[in-house]
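Chain identifiers are assigned alphabetically (A, B, ...) following the order of the sequence lines, protein sequences preceding nucleic acid strands; residue numbering begins at 1 within each chain. Everything numeric in this text was worked out from a predicted model, so none of it was measured.
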Protein chains: 2
Amino acid sequence: MNIGEAAERSGVPAKTIRYYESIGLIAPAERSAGGYRVYDAREVETLRFVQRARSLGFSIEQVGELLALWRDRSRASADVKAMASAQVAAIDRKIAELQGMRDTLEHLMTRCHGDARPDCPILEDLAGAEAAPAEER
Amino acid sequence: MNIGEAAERSGVPAKTIRYYESIGLIAPAERSAGGYRVYDAREVETLRFVQRARSLGFSIEQVGELLALWRDRSRASADVKAMASAQVAAIDRKIAELQGMRDTLEHLMTRCHGDARPDCPILEDLAGAEAAPAEER
DNA sequence: CTTGACCTTCCAGTTGCTGGAATCCCCATA
DNA sequence: TATGGGGATTCCAGCAACTGGAAGGTCAAG
């Protein structure tokens with residue numbers, strides 16, 4: 001099958017498949033006489049693996065590691081689990097960060113009238129609040 | 001004051017200040033005889049505003065809008081509140097997405113021994129599952 | 001044979017910086 | 001006055017992970 005069909009079946013856009021190939025995440029595809037990339041079911045499965053791992057937030061590099069583990073029949077499942085666990089921790093950190101932003105914004109919003117008047121504690125706080133661990137001078 | 005001090009006082013790195021100037025987020029700074037950028041307290045305040053808004057997850061473009069509202073003494077506080085509200089919604093969407101990833105990963109992890117054996121449902125699921133969100137099969 | 005869908009490569013742009021090179025300015029000390 | 005060091009300047013490159021678009025080649029149908 002051509003790249004278009006592989007894209008459709010795997011859920012990875014054709015452009016992205018070429019990109020993955022160009023950076024070495026996946027092996028270069030076979031080519032037809034006319035120079036078209038040709039894929040089979042196994043490669044579609046790999047692409048689906050990649051797409052799923054990406055959708056779980058793994059970086060390209062991590063996906064590369066997961067692919068290597070996947071292909072290594074002698075890998076220890078603990079290695080995979082460790083990666084998953086680290087990824088959960090990373091996601092948790094991101095969630096916590098976003099939660100912090102969210103809470104701050106909500107707090108600012110409660111103090112803003114939100115009407116036609118110009119007074120706006122949100123802007124005042126953005127301007128006045130300390131940015132970072134700034135020293136007094 | 002020079003850019004270094006402005007950076008320290010605002011919490012925005014000197015390089016980032018130049019970058020913000022180059023993309024037009026902030027106005028070009030005055031220059032000294034020797035060509036150095038010169039800042040005063042008002043500009044540091046602006047930088048602090050930017051840095052705080054960025055830390056709340058607003059994009060550069062949104063920060064530009066917030067700056068415009070900040071400088072517009074006749075703005076309606078409702079406009080600001082609407083931006084904040086939209087930002088909260090955007091953050092909520094991201095949190096939900098991350099939560100989904102997290103839950104899926106956790107689920108996969110519970111089914112993996114995590115020992116020296118190669119059997120690993122995590123990899124199997126990554127390969128076999130449909131690209132879309134994780135139905136039971 | 002032509003049309004149009006699909007494929008190819010390559011370059012550029014996205015977001016928000018950050019690192020580094022080469023050069024210049026400023027101030028203080030020997 | 002030379003010099004040394006710590007700023008500052010510009011510009012170029014690159015990070016992640018694609019995505020869009022141009023210019024052109026291929027293929028199957030009509």
Side-chain angles (χ1 to χ4, degrees), chain A residues 1-26 28-40 43-44 47 49-67 87 90-91 93-94 97-98 101 131-132, chain B residues 1-26 28-40 43-44 47 49-67 87 90-91 94 97-98 101 131:
Chain A
M1 81 191 82
N2 287 341
I3 199 171
E5 194 179 340
E8 204 176 334
R9 290 204 198 175
S10 66
V12 181
K15 268 216 118 141
T16 305
I17 297 177
R18 289 192 202 99
Y19 169 70
Y20 285 163
E21 187 186 302
S22 80
I23 61 171
L25 179 63
I26 58 176
E30 300 291 306
R31 298 297 182 115
S32 72
Y36 283 19
R37 285 175 183 80
V38 179
Y39 299 88
D40 61 17
E43 280 154 306
V44 170
L47 286 168
F49 181 102
V50 170
Q51 147 18 258
R52 182 128 171 90
R54 290 285 303 132
S55 81
L56 289 175
F58 287 101
S59 70
I60 293 276
E61 195 180 342
Q62 288 173 317
V63 173
E65 293 169 37
L66 287 170
L67 276 175
Q87 180 62 9
I91 291 174
R93 280 193 299 276
K94 279 184 204 152
E97 194 188 336
L98 289 172
M101 293 181 189
Chain B
M1 82 190 81
N2 287 341
I3 199 170
E5 195 179 340
E8 204 175 336
R9 289 203 197 176
S10 65
V12 181
K15 270 217 118 138
T16 305
I17 297 177
R18 290 192 201 99
Y19 168 71
Y20 286 163
E21 187 186 302
S22 80
I23 61 170
L25 179 64
I26 59 176
E30 301 290 307
R31 298 297 183 117
S32 70
Y36 283 19
R37 287 175 182 80
V38 179
Y39 298 88
D40 62 17
E43 281 155 305
V44 169
L47 286 168
F49 181 103
V50 170
Q51 124 54 237
R52 183 128 169 91
R54 289 285 302 131
S55 80
L56 289 174
F58 288 100
S59 70
I60 293 277
E61 194 180 344
Q62 288 173 317
V63 173
E65 292 168 37
L66 287 171
L67 277 175
Q87 179 62 9
I91 291 174
K94 278 182 206 154
E97 194 188 336
L98 289 172
M101 293 180 188

- Query: How do A/S32 and B/V38 order along DNA chain D: which one's closest nucleotide is nearer the 5' end?
  - Reply: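 Between the two, 5'-proximity favours B/V38.
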- Item | Comparing A/F58 and B/G35 on DNA chain D - which has the more 5′ nearest nucleotide |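 In this pair, the answer is B/G35.
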- Tell me, with the steps shown, if B/E61 and B/E65 meet side-chain contact (heavy atoms from CB on, under 4.5 Å). CA-CA 7 Å; B/E61 194 180 344; B/E65 292 168 37; 4.2 Å; yes
Minimum heavy-atom separation for [X] to [Y], with atom names?
{"X": "B/P13", "Y": "B/G11", "value": "CD-O, 3.7 Å"}
{"X": "A/I17", "Y": "A/Y39", "value": "CG2-OH, 3.4 Å"}
{"X": "B/F49", "Y": "B/L67", "value": "CD2-CD2, 3.5 Å"}

- Side chain of A/Y36, base of C/dC6: donor and acceptor closer than 3.5 Å?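 Indeed there is one.
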- Tell me which of B/G34 and A/G4 sits closer to the 5' end of DNA chain C, going by the nucleotide each one is nearest to.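 Result: A/G4.
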- Which residue lies more 5' along DNA chain C, comparing A/N2 with B/Y20 via nearest heavy atoms: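 Whichever sits nearer the 5' end wins; that is A/N2.
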Between [X] ([atom1]) and [N] ([atom2]), how many Å, whole number?
{"X": "A/E30", "N": "C/dC7", "atom1": "CD", "atom2": "P", "value": "17 Å"}
{"X": "A/E21", "N": "C/dC7", "atom1": "CD", "atom2": "P", "value": "14 Å"}
{"X": "B/E5", "N": "D/dA8", "atom1": "CD", "atom2": "C1'", "value": "14 Å"}

- To the nearest 0.5 Å, what is the distance between CZ (A/R54) and CG (A/L25)?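 Answer rounded to 0.5 Å: 9.0 Å.
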- Working to the nearest 0.5 Å, report the span between OH of B/Y19 and CD1 of B/I60.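 One gets 5.5 Å once the value is rounded to the nearest 0.5 Å.
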- Message: Base contacts versus sugar-phosphate-only contacts with protein, heavy atoms under 4.0 Å: please encode nucleotides 18-23 of chain C as B, S and - from 5' to 3'.
- Response: SBB---
Between [X] and [Y] (side chain of the first, backbone of the second, donor and acceptor by atom type, cut-off under 3.5 Å), is there such a pair?
{"X": "B/Q87", "Y": "B/G57", "answer": "yes"}
{"X": "A/E43", "Y": "A/D40", "answer": "yes"}
{"X": "A/E21", "Y": "A/A29", "answer": "yes"}

- Global bending angle along the helix from C/dC1-D/dG30 to C/dA30-D/dT1, which compares the axes of five pairs at either end, to 10 degrees: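 Terminal axis comparison yields 30°.
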- Scan B/R37 against the nucleic acid and name what it touches under 4.0 Å (heavy atoms): base, sugar-phosphate only, or nothing.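 Sugar-phosphate, no base atom in range.
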Nearest to side-chain heavy atoms of [X], which nucleotide of [options]:
{"X": "B/R54", "options": "C/dC17, D/dC18, C/dT8", "result": "C/dC17"}
{"X": "A/I3", "options": "C/dT8, D/dG6, D/dA17", "result": "C/dT8"}
{"X": "A/R31", "options": "D/dC27, C/dG16, C/dT9", "result": "C/dT9"}

